[in-house]
There are 2 protein chains.
Amino acid sequence: MNPLHLSSQLCFPFYAISKEIIKRYRPLLAPLNLTYPQYLVMLVLWEKDFVTLKSIGERLQLDSGTLTPLVNKLISTGYIEKTRNPEDERQLVIKLTESGQQLQQQAKEIPAKITEVLGLDEEEYARYKEMLDELACKLEVKGGKC
Amino acid sequence: MNPLHLSSQLCFPFYAISKEIIKRYRPLLAPLNLTYPQYLVMLVLWEKDFVTLKSIGERLQLDSGTLTPLVNKLISTGYIEKTRNPEDERQLVIKLTESGQQLQQQAKEIPAKITEVLGLDEEEYARYKEMLDELACKLEVKGGKC
DNA sequence: TAAAATTAAATTGTGCACAACTTAAATATA
DNA sequence: TATATTTAAGTTGTGCACAATTTAATTTTA
């Protein structure tokens, strides 16, 4: 077992599976005019509206260099708006538009469709999910359960 | 348990952990003048030299739009060379330079350093690896063990 | 064997991802 | 309370990732 072989790496299946899962999201998200990272931002906002760019970034592990253009895209698509916090003008406060709120109804079908296209049953899904949450804790990846 | 919550998604920990792992590779690969995707290409070539661009792409699940500029970067760094297969001029054959072969010696330290910075013991590493390989099979992600 | 279909790379364009830096606002401290 | 420090976004530049298209070589088939 050569540790320099691709098949010995833990990193590679993560990289490959992550890309594969995002690929399977693409046709489901395209009708909503969303990319996968944009969908993540919408998930955060559907959980809690009126949040700062900074807090979205902490949740998704993305910096302003990624989020600023991404948020501008979502604004031009019409799903969100940005204002400044009057008590701290540095902070950008993101809120859903009417259209962004309504989109949640369409998006509700996506989780079920995804488990379908991944071809995993409920038990498998839960087992993988648990293992990943555990590893996320170990690696201290924020936005998770610990 | 709202299925539209970020914390319910299988995709997100994959996305976040994958980015986190790549982030931890970065300082280890920087002294070798490699990015993570470039390191993956080198891993493939250290396993088997003189392979086509197409076969590298199949192994890593990357298309020519990604690989062509990446390979050109590795050429300008001096680790690989490209020639055409004289029996089929469409095919690009990639081979390691002297420098690219020597790099393997330095790279041999990386797997051990990575397990160290990930903070996983051998048992944990093996357990996660097994589960990922299993999922890769289920999702029919090529380049894996099935 | 000439035309059609297929294949391998390359090209073009969009959208992340992130490092490094800049700008402006708020807070801390001398 | 001026000055220094910190903080939140924004900007710039590099490097993937991938869809869609183009180009050129090879193979198929009419």
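Order of the sequence lines sets the chain letters (A, B, ...), proteins ahead of strands, with each chain counted from 1. As a basis for the values below, the full set of heavy atoms in this structure was taken, side chains included, without hydrogen atoms, waters or symmetry mates.
The side chain of A:Asp63 lies closest to C:dA19, out of C:dA17, C:dA25, C:dA19. Of the candidate nucleotides C:dG15, C:dA19, C:dA26, C:dA26 has the atom lying nearest to any side-chain atom of A:Glu89. Out of C:dA9, C:dC16, C:dA26, the shortest distance to the side chain of A:Pro37 is found at C:dC16. Closest to the side chain of A:Thr68, from the set D:dT11, C:dA8, D:dC18, is D:dT11. Listed candidates were C:dA8, C:dA10, D:dG15. Nearest to the side chain of B:Lys54 is C:dA8. Relative to the side chain of A:Arg90, the nucleotides D:dA17, C:dC18, C:dA26 differ in distance, and C:dA26 lies closest. Of the candidate nucleotides D:dC18, C:dC16, C:dA19, C:dC16 has the atom lying nearest to any side-chain atom of A:Thr35. Candidate nucleotides D:dG10, D:dA9, D:dC16 were compared by shortest atom distance to the side chain of A:Thr52, and D:dA9 ranks first.
In this structure, CG of A:Asn33 is placed 14 Å from C1' of C:dG15, rounded to the nearest angstrom. At whole-Å resolution of the value, CG in B:Leu62 and P in D:dG15 are 16 Å apart. Atom CG in B:Asp88 sits roughly 12 Å away from atom P in C:dT7 (whole-Å rounding). One interatomic measurement links the two molecules: OH of B:Tyr15 to P of C:dC16, which rounds to 9 Å at whole-angstrom precision. Whole-Å rounding puts the A:Arg26 CZ to D:dA19 C1' distance at 9 Å. Regarding B:Asn72, its CG atom lies at a distance of 12 Å from the P atom of D:dG15, rounded to whole Å. In this structure, CD of B:Glu58 is placed 11 Å from C1' of C:dA8, rounded to the nearest angstrom. To the nearest angstrom, P of C:dT14 lies 19 Å from CG of A:Leu34.
Heavy-atom nearest nucleotides on DNA chain C were determined for A:Lys73 and for B:Val93, and the one closer to the 5' end corresponds to B:Val93. The nearest heavy atom of DNA chain D to A:Leu53 and to B:Tyr36 marks one nucleotide each, and the one closer to the 5' end goes with A:Leu53. Mapping A:Gln91 and A:Gly65 onto DNA chain D by nearest heavy atom places A:Gln91 at the nucleotide closer to the 5' end.
The one candidate from B:Asn72, B:Thr52, B:Thr68 that meets the side chain to side chain donor-acceptor pair (under 3.5 Å) condition with B:Lys82 is B:Asn72. Applying side-chain contact (heavy atoms from CB on, under 4.5 Å) to A:Leu103 and the options A:Leu96, A:Leu32, A:Thr77, A:Thr97 leaves one that passes, A:Leu32. Under the ring-ring contact (aromatic ring centres under 6.0 Å, His included) test applied with A:Tyr36, the options B:Tyr15, B:Phe12, B:Phe14 reduce to a single match, B:Tyr15. Of the residues A:Glu124, A:Glu130, A:Glu123, the one that meets the salt bridge (charged side-chain N to carboxylate O under 4.0 Å, His left out) test with A:Arg127 is A:Glu123.
You'll find a donor-acceptor pair under 3.5 Å spanning the side chain of B:Ser64 and the base of C:dA10, going by distance alone.
Residue-level contact check: A:Leu67 touches neither bases nor backbone, having no heavy atom under 4.0 Å from any strand. When heavy atoms are screened at a 4.0 angstrom cut-off, A:Leu70 is found touching the sugar-phosphate backbone but no base atom. Residue A:Thr66 is in base contact, counting any heavy-atom pair closer than 4.0 Å across all strands shown.
The shortest distance between the side-chain N/O atoms of A:Gln61 and the OP1/OP2 oxygens of C:dA17 is not below 4.0 Å. The side chain of B:Lys19 contributes no N or O atom lying less than 4.0 Å from OP1 or OP2 of D:dA17. The side chain of B:Lys82 places an N or O atom within less than 4.0 Å of a non-bridging phosphate oxygen (OP1 or OP2) of C:dA10.
Following chains of ILVMFWY side-chain contacts shorter than 4.5 Å, one cannot reach B:Leu43 starting from B:Val93, and the two form parts of different hydrophobic clusters.
Across all non-hydrogen atoms, the minimal contact from A:Ala107 to B:Leu4 is O-CD2, 3.6 Å.
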